[in-house]
Protein chains: 2
Amino acid sequence: MSACDTCVVRNRAICSSLDSEELKALNAIGRRRTLEPGESLMWEGEDSVLVANVIEGVLKLSTGTEDGREQIVGVVYPSDFIGRPFGSTTGHGVTALTEARVCVFARKDFDAFAREHPALEHKLLQRTLAELDRTRRWMLLLGRKSAGEKVASFLLDMSERLVQPDCMGFTSDGKLSRFSLPFSRQQVADVLGLTIETVSRQFTRLKAEGMIDLPSRREVVIVDREALAAEAG
Amino acid sequence: MSACDTCVVRNRAICSSLDSEELKALNAIGRRRTLEPGESLMWEGEDSVLVANVIEGVLKLSTGTEDGREQIVGVVYPSDFIGRPFGSTTGHGVTALTEARVCVFARKDFDAFAREHPALEHKLLQRTLAELDRTRRWMLLLGRKSAGEKVASFLLDMSERLVQPDCMGFTSDGKLSRFSLPFSRQQVADVLGLTIETVSRQFTRLKAEGMIDLPSRREVVIVDREALAAEAG
DNA sequence: CGTGACTTTGAGCCATTTCAACACGCGTGG
DNA sequence: CCACGCGTGTTGAAATGGCTCAAAGTCACG
């Protein structure tokens, strides 16, 4: 019995395209790994040596300028795929935000396996297309939205993406009304292209205006989703 | 003899994965179309009914907010692929910036054809991964760069991407030192997340500082590439 | 409890936007 | 052939949103 058989993301990750025989072969070239919060799996500009599936946890994808400014260019959740198959270099760093478990493959092994399994490549293509759509939508936020709109949009996005497949406490349409942010204020700023101070001020303003509540530093309660959506522009 | 046999992007577009028999089949489900500058091929939010290959010309991909702010989320050139295969809706509008020729397919037909031709899907995956990398790099610009850095980065990007496979007048490393922008000032602003006035001021500043020259509204000459690269941050 | 990292709050400043006027180029028609 | 008008781009002055710098507050952890 391979590790895949008990994998919690087995039916959602790209692996779901494989039958048990193929899964066994994939399992043979991969290995599990856990990451502590803040630990990186790959670095920007590095040779693309690894790819992986996220089993558990939240990770950020980030790039930066030489003088230290950082931009988070993506956030990945369980069942998401990370790394750059069929390419020579990694365009962004990958760092765990929470404790995380991933299923890692040497890129070369994965590439070879994928080329022999069109159904796997098809899943990967679907995922990549969806991620590209999502990324492009985020560009509208970065380029054209005000700080208030950015923060409101961010909170709504989080309330949709932090839903665990098996978790309680979300509204009928699958959106959380209360959640714990996997980001520090600085990281929120790095997602939104703002400074930490501006993010903090917007949080307190949204709270003061009754749209959200902030029981603790990382906890967020969406009190008035409609108003927050209006604020998001 | 099918239209594909004389296609100028035949060897660079995703079609290059097909043999002549397959190409004939693909040709049977596609048709050519020309677009005037400003003409749209698809609209944001619309059902995904078409996909296409760009044969000639430059097109923009753009999204906007309800209140009319616009963000250009991508620019496509000859041999690039457009549209959203395997998905129900189009996330962004596609509009010709120059006169353009495209090779259009009904999405359903294309999807079916692609699923039967793994080599084609593989090419599409490679392209999509590369586009995602590029898009993520652009997020750093949108989120973290100043107006001066944005404009300088933009000009350098243009000097690399406007190179025609068969054109003269580029430096040894395949970068143009003189080119004609396919964008109006407003469109440059929409790519960079700035206002038209800020773009104009940065253009004149870069010219005043001797990094570029502007022989006419659309023409750009890169005089000091090194200084421009430093300016790009 | 004390220490250090993270967050909030405040005050002033500056880059970019906003609003407004003007310039340029180009096609049209008198 | 020139005057006119219109779309596009430039320039200026003022307003402002978000940033910078600085200080105080909060929380987790020893």
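By convention in this document, chain letters (A, B, ...) are assigned in the order of the sequence lines, proteins followed by strands, and residues within each chain are numbered from 1. It should be emphasised that the depicted structure is a prediction, and the values quoted were computed from it without experimental measurement.
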Within [range], find the residues that approach DNA chain C with a heavy atom at under 4.0 Å, and present them sorted by residue number.
range                       : answer
residues 62-70 of chain B   : none
residues 202-224 of chain B : B:Arg217
residues 188-200 of chain B : B:Gly193, B:Leu194, B:Thr195, B:Glu197, B:Thr198

- To the nearest 0.5 angstrom, please state how far the CG atom of B:Leu162 sits from the CZ atom of B:Phe179. 6.5 Å
Contacts of [X] that satisfy side chain to side chain contact (heavy atoms under 4.5 Å, CB included) - sequence neighbours left out:
X        : answer
A:Glu56  : A:Arg101
A:Asp67  : A:Thr65, A:Arg69
A:Leu228 : A:Ala152, A:Leu155, A:Leu156, A:Leu206, A:Met211, A:Ile212, A:Ile222

- Item | Minimum side-chain heavy-atom gap A:Arg201-A:Glu197 below 4.5 Å | yes
- Query: Is the closest side-chain heavy-atom distance between B:Pro78 and B:Val8 below 4.5 Å?
  - Reply: no
Can you give me every donor-acceptor pair (side chain of residues 89-100 of chain B, partner residue at least two apart or in another chain, under 3.5 Å) with its distance?
| unit_1 | atom_1 | unit_2 | atom_2 | d |
| --- | --- | --- | --- | --- |
| B:Thr95 | OG1 | B:Ser40 | OG | 2.8 |
| B:Thr98 | OG1 | B:Val58 | N | 3.0 |

- Message: Going by the rule salt bridge (Lys or Arg N to Asp or Glu O under 4.0 Å), which residues pair with B:Glu46 if we only count those two or more places apart in sequence or in a different chain?
- Response: none
- With A:Glu219 via salt bridge (Lys or Arg N to Asp or Glu O under 4.0 Å) - residues at least two apart: A:Arg178
- Item | Side-chain-base donor-acceptor pair under 3.5 Å for B:Arg185 and D:dG7 | no
- Applying the Watson-Crick and G-U criteria (both distances under 3.5 angstrom) with [ ] for crossing and | for other-strand pairs, one obtains for DNA chain D ||||||||||||||||||||||||||||||
- Any donor-acceptor pair under 3.5 Å linking the side chain of A:Thr128 with the backbone of B:Thr128? no
- Message: Keeping B:Lys60 on the side-chain end and B:Ile72 on the backbone end, is there a donor-acceptor pair under 3.5 Å?
- Response: no
- Take the protein atom NZ of A:Lys145 and the nucleotide atom C1' of D:dG17, then report the distance between them rounded to whole Å. 17 Å
- Message: Expressed as a whole number of angstroms, how long is the span from B:Phe183:CZ to D:dG9:P?
- Response: 13 Å
- Note on the structure: The first and last nucleotides of DNA chain C lying within contact of chain B, meaning any atom under 4.0 Å from one of its heavy atoms, run from C:dT16 to C:dC24
- Taking the six-membered ring of A:Phe203, is the NZ or CZ of A:Arg185 close enough (under 6.0 Å from the centre) and on axis enough (within 45°)? yes
- Message: Quick check on DNA chain D: between B:Gln186 and B:Arg201, whose nearest nucleotide comes earlier from the 5' end?
- Response: B:Gln186
- Note on the structure: When A:Arg144 and A:Ser184 are each assigned the nearest nucleotide of DNA chain C, the 5'-most assignment goes to A:Ser184
- Note on the structure: Between B:Gly210 and B:Asp224 the two heavy atoms that sit nearest each other are O-CB, 4.1 Å
- Identify the two heavy atoms, one from B:Lys145 and one from B:Ser153, that lie closest to each other, and give their separation to 0.1 Å. NZ-OG, 3.3 Å
- Message: By the ring-ring contact (aromatic ring centres under 6.0 Å, His included) test, which pairs, at least two apart or in different chains, include something from residues 131-154 of chain B?
- Response: B:Phe154-B:Phe183
